[in-house]
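The residues of the chain are indexed from 1 along the displayed sequence. All values below come from the heavy atoms of this structure, side chains included, with hydrogens, waters and symmetry mates left out.
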Amino acid sequence: QVQLVESGGGAVQAGDSLRLSCAASGRTFSNYAMGWFLQAPGKEREFVGAIGWSGSTIYADSVKGRFTISRDNAKNTVYLQMNSLKPEDTAVYFCAAVPVVPLREVGRPLRRKPDEYDYWGQGTQVTVSS
């Protein structure tokens, strides 16, 4: 079991930066793969990026070069640093987690689909104005 709580969202102007945090409670945080997703009103949940147990990352094409995912296992926290924000980034951002066995992750691609994650936070709103 793991519980996830996002924070750091808010209203900003285009070009500004935000840093979202996802604090986790539960056992063996270092053995969880983590993902970030966004959902706009009336739309399906979309992949933003993911970070594996080893620290490797992948990103959606729309955020490459602007967003960075990192994790601090000592603090049981994963971060989404968002730079050069655009109005089209406006959405609710969700943190997700799934337990993994590191030795069984060798050669396995990082997870891009919502149904590959077991646990979800409540979401945090990000609004970017022109």
Side-chain angles (χ1 to χ4, degrees):
Q1 277 278 1
V2 62
Q3 185 176 35
L4 308 175
V5 179
E6 300 100 333
S7 62
V12 299
Q13 295 187 16
D16 287 349
S17 297
L18 281 174
R19 190 190 194 192
L20 305 185
S21 297
C22 174
S25 62
R27 64 179 182 87
T28 321
F29 176 78
S30 62
N31 288 338
Y32 281 81
M34 308 293 294
W36 284 97
F37 293 79
L38 64 83
Q39 189 166 20
K43 298 286 188 177
E44 294 293 308
R45 197 160 295 186
E46 298 180 5
F47 176 74
V48 175
I51 185 166
W53 66 272
S54 67
S56 61
T57 56
I58 57 171
Y59 301 93
D61 289 342
S62 61
V63 306
K64 286 180 180 177
R66 299 189 298 123
F67 291 9
T68 303
I69 298 173
S70 61
R71 65 191 298 165
D72 187 337
N73 291 337
K75 296 182 178 180
N76 290 344
T77 302
V78 63
Y79 304 96
L80 180 65
Q81 177 67 46
M82 304 185 294
N83 297 328
S84 302
L85 283 162
K86 305 174 181 180
E88 51 263 44
D89 296 322
T90 296
V92 177
Y93 284 73
F94 295 89
C95 179
V98 61
V100 303
V101 178
L103 286 176
R104 296 179 182 177
E105 293 291 288
V106 177
R108 191 198 192 285
L110 296 183
R111 298 159 176 84
R112 293 176 172 267
K113 299 178 179 179
D115 60 9
E116 294 183 287
Y117 293 87
D118 293 337
Y119 303 100
W120 294 83
Q122 82 288 347
T124 185
Q125 176 71 47
V126 172
T127 302
V128 185
S129 301
S130 300

Just so I know, are the side chains of Cys22 and Met34 near enough to count as touching, which here means a heavy-atom distance under 4.5 Å? yes

Ala91 to Ala40 - nearest heavy-atom pair and separation: CB-N, 4.1 Å

To the closest 0.5 Å, what do you measure between CG (Leu110) and OG1 (Thr57)? 8.0 Å

Any side-chain heavy atom of Val78 within less than 4.5 Å of one from Trp36? yes

Non-hydrogen side-chain atoms of Ile51 and Ser56 separated by less than 4.5 Å: no

Are the side chains of Val48 and Val63 in touch, meaning some heavy atoms are under 4.5 Å apart? yes

Nearest heavy-atom approach of Ala24 to Leu4 is CB-CD2, 3.6 Å

Are there more than 12 heavy atoms of other residues, nucleotides or ligands under 6.0 Å from atom CZ of Arg108? yes

Tell me whether Trp53 is reachable from Tyr59 by hopping between hydrophobic residues (I, L, V, M, F, W, Y) whose side-chain heavy atoms are closer than 4.5 Å. no

Do you know which two heavy atoms are closest between Ala97 and Tyr32, and how far apart they sit? CB-CD2, 4.0 Å

State plainly whether one hydrophobic cluster holds both Tyr119 and Val92, where clusters connect Ile, Leu, Val, Met, Phe, Trp and Tyr through side-chain heavy atoms under 4.5 angstrom apart. no

Could you check if a side-chain atom of Phe67 sits within less than 4.5 angstrom of a side-chain atom of Asn83, using non-hydrogen atoms only? no

Of all the heavy-atom pairs spanning Pro87 and Ser130, show the shortest one and how long it is. CG-OG, 3.5 Å

Keeping the roles fixed (side chain from Arg66, backbone from Ser84), state whether a donor-acceptor pair exists under 3.5 Å. yes

Check for me whether the distance between the ring centres of Phe37 and Tyr117 falls short of 6.0 Å. yes

Hey, does Asp16 have a side-chain heavy atom less than 4.5 Å from the side chain of Val128? no

I want to check something: taking the side chain as every heavy atom from C-beta on, are Leu85 and Leu18 in contact at a cut-off of under 4.5 Å? yes

So the salt bridge (Lys or Arg N to Asp or Glu O under 4.0 Å) pairs with at least one residue in residues 42-64 (sequence neighbours excluded) are Asp61-Lys64

Around Gln122, counting heavy atoms of other residues, nucleotides and ligands shown, do more than 12 lie under 6.0 Å from its CD? yes

Look at the rings of Phe94 and Trp120 and say which category their plane angle falls in: under 30° parallel, 30 to 60° tilted, over 60° perpendicular. perpendicular

Could you list the residues that satisfy side chain to side chain contact (heavy atoms under 4.5 Å, CB included) with Thr77, not counting sequence neighbours? Ser21, Ala23, Lys75, Tyr79

Inspect the surroundings of CD in Gln125 and state if more than 12 heavy atoms from other residues, nucleotides or ligands are less than 6.0 Å away. yes

Smallest heavy-atom separation, Val100 atom then Pro102 atom, equals O-CD, 3.7 Å

Taking every heavy atom of Glu6 against every heavy atom of Gly123, the minimum-distance pair comes out as OE1-N, 2.9 Å

Check whether any side-chain heavy atom of Met82 sits under 4.5 Å from a side-chain heavy atom of Leu20, and report yes or no. yes

Glu116 side chain to Arg112 main-chain N or O, any donor-acceptor pair under 3.5 Å? yes

CD (Gln3) and CG (Asn76) are apart, to the nearest 0.5 Å, by 12.5 Å

Cluster check Phe47, Ile69: I/L/V/M/F/W/Y, side chain < 4.5 angstrom: no

